[in-house]
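Structure, as structure tokens:
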Amino acid sequence: MIIPNNLKDTISSFLLDNYSIHDVEDKLLFNETRKEFEGDITFVLFPFLKATKTNPQVLGESIGEHLMKNLDYVESFNIVKGFLNLKFQDTFWLEAFRSFDTEENYTFDDSTILVEFSSPNTNKPLHLGHVRNILLGWSTAQILQAAGRKVIKTQIINDRGIAICKSMLAWTLFGNEATPQNIGKKPDHFVGDYYVKFEQEFKNEYESWQISDEANTLFEESEKQDKSVFFKSYKNTYFNEKSALGKQAKSLLLKWEANDPDTRKLWEKMNGWVYEGFEETYKRLKVEFDSYYYESDTYKLGKDIIEGGLASGVFYKKDDGSVWIDLEDAGLDHKLVLRSDGTSVYMTQDIGTAQLRYQDTRADGMVYVVADEQNYHFQALFAIMKKLGESYSDHLHHLSYGMVDLTTGKMKSREGKVVDADDLMNDVISTAKQNAIERGETESISLEEREQIYEKVGLGALKFFILKVNPKKRMVFDPNDSVDMQGTTGPYVQNAYVRVQSINRKAASITIENEKGYNKAEEIEIELIKRLLEYPEKLKKAAEDYDPSIIAMYCYDVAKVYHKFYNDVRILGAEEDSAKAFRVLLGDKTARILRKGFNLLGIEMPERM
RNA sequence: GGCCCAGUAGCUCAGCUGGAUAGAGCAACAGACUUCUAAUCUGUAGGUCCCAGGUUCGAAUCCUGGCUGGGUCACCA
């Protein structure tokens, strides 16, 4: 909603002069006039009824008259209940449209910010959960950049630990020297298969152990009623203390930590495969990073900071040697930052990594795109950074997003109940292809270009489907809905853009300057202008809230109005040259805004579809 | 159990710093292509905004209590 600069001032000085009401600035409330009433902007009268001792009709009349007299763009007004509806002249909107520069660069804030997203484990391929993370991170980075900030896109790769050791072990035991190349498999999937293989073998081992006397004795000693409940809860202990496979995996981890050359070599080989696969997926998703941090480099960081904080009294040491911080004044708990044996925990590492990143980049703030299961962790981390007095600690933000559920329930990677990222992309693209073939619009286009269109449309559908939902909400993923291409979808918006391009191709001979003669606009044209003018405020809001769904919904709104415009009026067939030129220009600016908006979402626009 | 988040049409979601008769899309039904790409548009139908109180001229929105679902409360990551 666009509120003219002098409208607020005119009303507040009127209230001051005639009713002696001071400081009304933040009580002035405007809404877009609802469709069923006549007007553009509605001023809410209720807050001033008491002070003016009048009724809405009288107050509305007097303000309305005053505005008509003093602001030339106010064409008429009407009062409904406590609402003063103001109608502006068409020329007000037309002028605003003419001076609206779609290519303007905005700078709401020019500080540097680091955005961390994706951050996968290296033992298995990316899945739907990562896809939401990656799309949110990428889009948020684009939005922040468009809002003027210097953005550094990064990730922390969890490349060490027991999980990758499981894949390594399974490959050693069962791999027979196979490689992704010689069996022709995407390399991250190849490594993931060995992780699954390990879990299967371990499960078999565990199940055969469960019928042993030892297992039975343990069960009887436990308080558990039910065997399956007991064995479920005992699984971790079994892995750590009894399992032969567990023992081997753990020994690999120890060897890795001791820098054993063969282990390191194997680790590098398997991680290398995974990165190769990830890059392929990122490339297809059209995302890239400015830097990478590896857990194998950072997992020991933070200890010196703990030492310093211990000296300055930020942390305290218990008798057993473990180090803690009291976060009760931040509404949190006491949190462990160093184990009693002096080794670090997740938090230690995160403290160190934040510090390292600040040293590397001097970023004024950081955004962590991480699922909402880690809300507490980040609250604690930020509180700790604040207590440590870090300059950037007030500008740390956890972009917390809800997990993605399937229609069949929760995703569980250990049970193989996941939607694989690569499969998902293939599905949406092939659906786009089928739809396109049925429509037959692209028959005249070269095969290669057609494939690009299917990809843009398919990925557009998928990305929009995910990004249109407010990040903090849990979302239900129905594979059928995600490839929907009608209604509130990516292709719907792309289609508006394509319609403009189709017209532009035919409008080459039109003299755009003729549009200056257009001064009486259709209602739908004014509506479209209003939407376009909202772009900067939507961008600002999306950046402030770290919320791409604002941009997605905005693009949908714009496209929706354009589609109606397209249906309601003749563009190239307009009677007058001025109308023809104006409508072509209106369409062109619409397309530019849509392309800009979609670029912020990481979605490409096809020229035809 | 403590803390945090969510609950809006059959389904997926907007609206939430209080404002008019709560909006879209999908699905259903009925229409619009000799006309700029019908992946579009128009219409019909669909609601105890989880429940109960409270604050207010006015509550889906704020407060309190409860219900339901999820997350989290590891010397795991």
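So that the names make sense, note that chain A is the first sequence line, chain B the second, and so on, each numbered from 1. These values consider heavy atoms only, across backbone and side chains, with no hydrogens, waters or symmetry-generated copies.
At a threshold of 4.0 angstrom between heavy atoms, the contacts of F465(A) with the nucleic acid are absent. Heavy atoms of M475(A) sit under 4.0 angstrom from primed sugar atoms or phosphate atoms, though from no base atom. Within 4.0 Å of N55(A), counting heavy atoms only, lies no atom of the nucleic acid at all. Counting any heavy atom pair closer than 4.0 Å across all strands shown, S400(A) reaches no nucleic acid atom. Residue contacts shown for E441(A) include a base, since a base heavy atom lies under 4.0 Å away. Looking at heavy-atom distances under 4.0 Å, F83(A) makes contact with a base. Heavy atoms of L29(A) sit under 4.0 angstrom from at least one base atom. K468(A) comes within contact range of no nucleotide atom at all, as no heavy-atom separation falls under 4.0 Å. Residue N470(A) is classed as a sugar-phosphate contact, given heavy-atom separations below 4.0 Å to backbone atoms only.
Put simply, chain A comes within 4.0 Å of RNA chain B, heavy atom to any atom, from A6(B) to A77(B), going 5' to 3'.
Of the two residues contacting RNA chain B, namely Q374(A) and S502(A), the nearest-nucleotide position lying further toward the 5' end is that of S502(A). For the pair S340(A) and R34(A), both in contact range of RNA chain B, the more 5′-proximal nearest nucleotide belongs to R34(A).
As rounded to the nearest Å, A6(B) and C49(B) have C1' atoms that lie 14 Å from one another. Taking the P atom of each, C11(B) and C33(B) are spaced 35 Å apart, rounded to whole Å. Rounded to whole Å, the C1' atom of U21(B) lies 37 Å from the corresponding atom of U37(B). Nucleotides A14(B) and U56(B), compared at atom P, are 32 Å apart to the nearest Å.
Within the shown strands, G2(B) is the pairing partner of U72(B) under the Watson-Crick or G-U definition, both distances less than 3.5 Å. A30(B) and U42(B) make up a base pair, with Watson-Crick or G-U wobble contacts both under 3.5 Å. With a 3.5 Å ceiling on both atom-pair distances, U37(B) lacks any Watson-Crick or G-U wobble partner. When Watson-Crick and G-U wobble pairs are counted only if both distances are under 3.5 Å, A60(B) pairs with no nucleotide at all.
By the 6.0 Å and 45° rule, R132(A) does not stack over the aromatic ring of Y401(A). Both the sub-6.0 Å distance and the 45° axial angle are not jointly satisfied by R499(A) relative to the ring of Y562(A). In this structure, K456(A) is not positioned above the aromatic face of F464(A) in the sense of NZ or CZ being under 6.0 Å from the six-membered ring centre and within 45° of the axis. Annotation: cation-pi pair K538(A)/Y554(A) absent, no NZ/CZ under 6.0 Å from the ring centroid and within 45° of its normal. With a 6.0 Å cutoff to the six-membered ring centre and a 45° limit on the axis angle, K318(A) counts as a cation-pi contact of W324(A).
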Test ring-ring contact (aromatic ring centres under 6.0 Å, His included) on Y294(A) and W267(A) and set out the steps.
CA-CA 13 Å; Y294(A) 296 88; W267(A) 172 73; 8.7 Å; no
I would like to know whether F202(A) and F239(A) meet ring-ring contact (aromatic ring centres under 6.0 Å, His included); could you show each step before the answer?
CA-CA 8 Å; F202(A) 173 71; F239(A) 177 85; 5.5 Å; yes
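Ring orientation note: the planes of H334(A) and Y316(A) are nearly perpendicular, at an angle over 60° on the 30°/60° scale.
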